[in-house]
Novice: 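Just dropping this structure here.
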Amino acid sequence: ENIEVFCMADLWEFCKFNKRMYIHPFLDFDVEIIKSDKFSVCHSPYTKVATNQKGSTQIKIAADMLGNAYPLNYICITDKTWAETLRIKSTAHFFVDQLSQGNHYSHTGYKGGLGKSGLEAMLLKCLTFCGGVKIESDLDPAPFIKVGDGLDLFEQMFYYKDNKEQAQSIIEAQYQWAKKNTNAEFVAKRITEI
């Protein structure tokens, strides 16, 4: 009853203890951010085995729909090292972390949320989309673009592809939020304040 734990957003709903938001810390990436000349949408389920765990099938369908309106590269990163994954993400314009509907864990009540992959994308200045809930905690909520299912993702991506200034403003807000909240000193200070 008196236990307090730190919990990441994507597992927030499953934790029944008193909790505080935990944001995974990162040191500065040794990656140059150079966006590809061709517009690109990226997703990284980690391994091919995990592709349905993050709603990857719906994400691919939404990217294909967007590809019918605009020339684009869809990049699904699997079975790469962390360094290779960061380099590939750094070239992407849009990044989709996970969808809560239609993923492998939907039947468990899992609602998803921003994970480490989405945090990396924000730090690499990708416009970051994610399913799941925005958590009310002692931190400002993560400014990811919340999406529900694959159709909603397509509509959101289509909107921001057409509204570049607004997209750029959100990219900057996401980057600044992630830079602050993934700073190792900031994270360590919050953990030791208990």
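Note that this is a predicted model, so its numbers are computed, not measured.
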Novice: Give a yes or no on whether the backbone of C130 and the side-chain of K146 come within a donor-acceptor separation of less than 3.5 Å.
Specialist: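 A pair under 3.5 Å: no.
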
Novice: Does atom CG of D30 have more than 12 heavy-atom neighbours from other groups under 6.0 Å away?
Specialist: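 No, not enclosed.
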
Novice: When rounded to the nearest 0.5 angstrom, what distance separates NZ in K80 from CG in L86?
Specialist: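 Taking NZ in K80 and CG in L86, the distance rounds to 13.5 Å.
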
Novice: If only atom types and distance count, is the side chain of W177 paired as donor or acceptor with the main-chain N or O of M122 below 3.5 Å?
Specialist: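 No, W177 side chain to M122 backbone: no donor-acceptor pair under 3.5 Å.
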
Novice: Applying a strict under-4.5 Å side-chain criterion to I, L, V, M, F, W and Y, I'd like to know whether Y175 and V96 cluster together.
Specialist: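 Different clusters: Y175 never reaches V96 through Ile, Leu, Val, Met, Phe, Trp or Tyr contacts under 4.5 Å.
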
Novice: How close do L114 and T128 get, counting heavy atoms only, and between which atoms?
Specialist: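 Of all heavy-atom pairs spanning L114 and T128, the closest is CD1-CG2, 4.4 Å.
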
Novice: Work out which heavy atom in K116 is nearest to a heavy atom in F26; give both atom names and the distance.
Specialist: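 Taking every non-hydrogen atom into account, O-CZ, 4.0 Å.
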
Novice: Can you see whether Q176 engages E172 through a side-chain donor-acceptor pair at a distance of less than 3.5 angstrom?
Specialist: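 Yes, E172 and Q176 have a side-chain donor paired with an acceptor closer than 3.5 Å.
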
Novice: With no hydrogens and no angle check, is any side-chain donor or acceptor of N183 less than 3.5 Å from a backbone partner on F186?
Specialist: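 Such a contact is found between N183 side chain and F186 backbone.
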
Novice: Could you tell me which non-hydrogen atom of I77 sits nearest to which non-hydrogen atom of C42, and how far apart they are?
Specialist: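 Closest heavy-atom pair between I77 and C42: CD1-SG, 3.4 Å.
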
Novice: Mind running side-chain contact (heavy atoms from CB on, under 4.5 Å) on H93 and S36 for me, showing each step along the way?
Specialist: CA-CA 8 Å; H93 299 90; S36 67; 3.6 Å; yes

Novice: Does the pair F94 and L72 meet the rule for a side-chain contact (heavy atoms from CB on, under 4.5 Å), with working shown?
Specialist: CA-CA 11 Å; F94 288 3; L72 67 80; over 6 Å; no

Novice: Are F29 and W82 close enough that their ring centres sit under 6.0 Å apart?
Specialist: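 Yes, the ring of F29 comes within the 6.0 Å limit of the ring of W82, centre to centre.
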
Novice: Would you compute the distance between atom CG of L124 and atom CD1 of I171 and round it to the nearest 0.5 angstrom?
Specialist: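 Here the rounded value is 11.5 Å.
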
Novice: Counting C-beta onward and ignoring hydrogens, is there a side-chain heavy-atom pair between T78 and P45 closer than 4.5 Å?
Specialist: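 Side-chain contact under 4.5 Å: yes.
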
Novice: For F39 and P71, which heavy atoms make the closest approach, and how far apart are they?
Specialist: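 In terms of heavy atoms, the two residues are closest at CB-O, 4.0 Å.
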
Novice: Please check this pair: side chain of Q156 against backbone of I145, looking for a donor-acceptor N/O pair closer than 3.5 Å.
Specialist: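 Checking the backbone N and O of I145 against the side chain of Q156, no donor-acceptor pair under 3.5 Å is found.
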
Novice: Does the side chain of M157 reach to within under 4.5 Å of the side chain of V41, using non-hydrogen atoms?
Specialist: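 Yes, close enough: below the 4.5 Å cut-off.
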
Novice: Determine, step by step, whether I191 and Y22 satisfy the side-chain contact (heavy atoms from CB on, under 4.5 Å) criterion, reporting the C-alpha distance in whole Å, the side-chain angles of both residues, the deciding distance to 0.1 Å, and the verdict.
Specialist: CA-CA 9 Å; I191 290 173; Y22 175 74; 3.8 Å; yes

Novice: Is the side chain of K35 donor-acceptor paired with the backbone N or O of A92 at a distance under 3.5 Å, no angle test?
Specialist: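 Such a contact is found between K35 side chain and A92 backbone.
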
Novice: Please state whether the rings of F154 and F158 are parallel, tilted or perpendicular, taking 30° and 60° as the class boundaries.
Specialist: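 Aromatic pair F154/F158 classed tilted.
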
Novice: Can you tell me how far CZ of F95 sits from NZ of K89, rounded to the nearest 0.5 angstrom?
Specialist: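 These two atoms lie 4.0 Å from each other.
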
Novice: Using only atom types and a distance under 3.5 Å, with no angle test, would you say the side chain of D97 pairs donor to acceptor with the backbone of G115?
Specialist: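 Such a contact is found between D97 side chain and G115 backbone.
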
Novice: Cut-off 3.5 Å, side chains only: do S44 and T85 have a donor facing an acceptor?
Specialist: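 There is no such pair (donor and acceptor under 3.5 Å, judged by atom type) between the side chains of S44 and T85.
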
Novice: Quick one: pull up NE2 in H24 and OG1 in T182 and give me the separation to the nearest 0.5 Å.
Specialist: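 So the NE2 of H24 and the OG1 of T182 are separated by 10.0 Å.
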
Novice: Is K179 paired with D28 through a side-chain N to carboxylate O contact shorter than 4.0 Å?
Specialist: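 Looking at D28 and K179, the cut-off is met.
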
Novice: Check the pair M65, L151 against side-chain contact (heavy atoms from CB on, under 4.5 Å), reporting the backbone distance first and the verdict last.
Specialist: CA-CA 9 Å; M65 289 169 66; L151 180 59; 4.0 Å; yes

Novice: If I compare all heavy atoms of I33 with all of S90, which pair ends up nearest, and what's the gap?
Specialist: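 Looking at all heavy atoms of both residues, the closest pair is CG2-O, 3.8 Å.
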
Novice: When rounded to the nearest 0.5 angstrom, what distance separates CD in Q98 from NE2 in H43?
Specialist: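 One finds 8.5 Å between CD of Q98 and NE2 of H43.
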
Novice: Can you name the one residue among R190, M21, K19 that meets side chain to side chain contact (heavy atoms under 4.5 Å, CB included) with F6?
Specialist: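 Single pass found, and it is R190.
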
Novice: Which distance, rounded to the nearest 0.5 Å, do you find between the CG of L99 and the OG of S56?
Specialist: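 The CG atom of L99 sits 8.5 Å away from the OG atom of S56.
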
Novice: Grab the two heavy atoms, one from F144 and one from Q174, that are nearest each other, plus how far apart they are.
Specialist: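 The pair with the smallest heavy-atom distance is CA-NE2, 3.5 Å.
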
Novice: A quick test of your reading: do over 12 heavy atoms of other residues, nucleotides or ligands sit less than 6.0 Å from CG of D138?
Specialist: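 Check passes, neighbour count above 12.
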
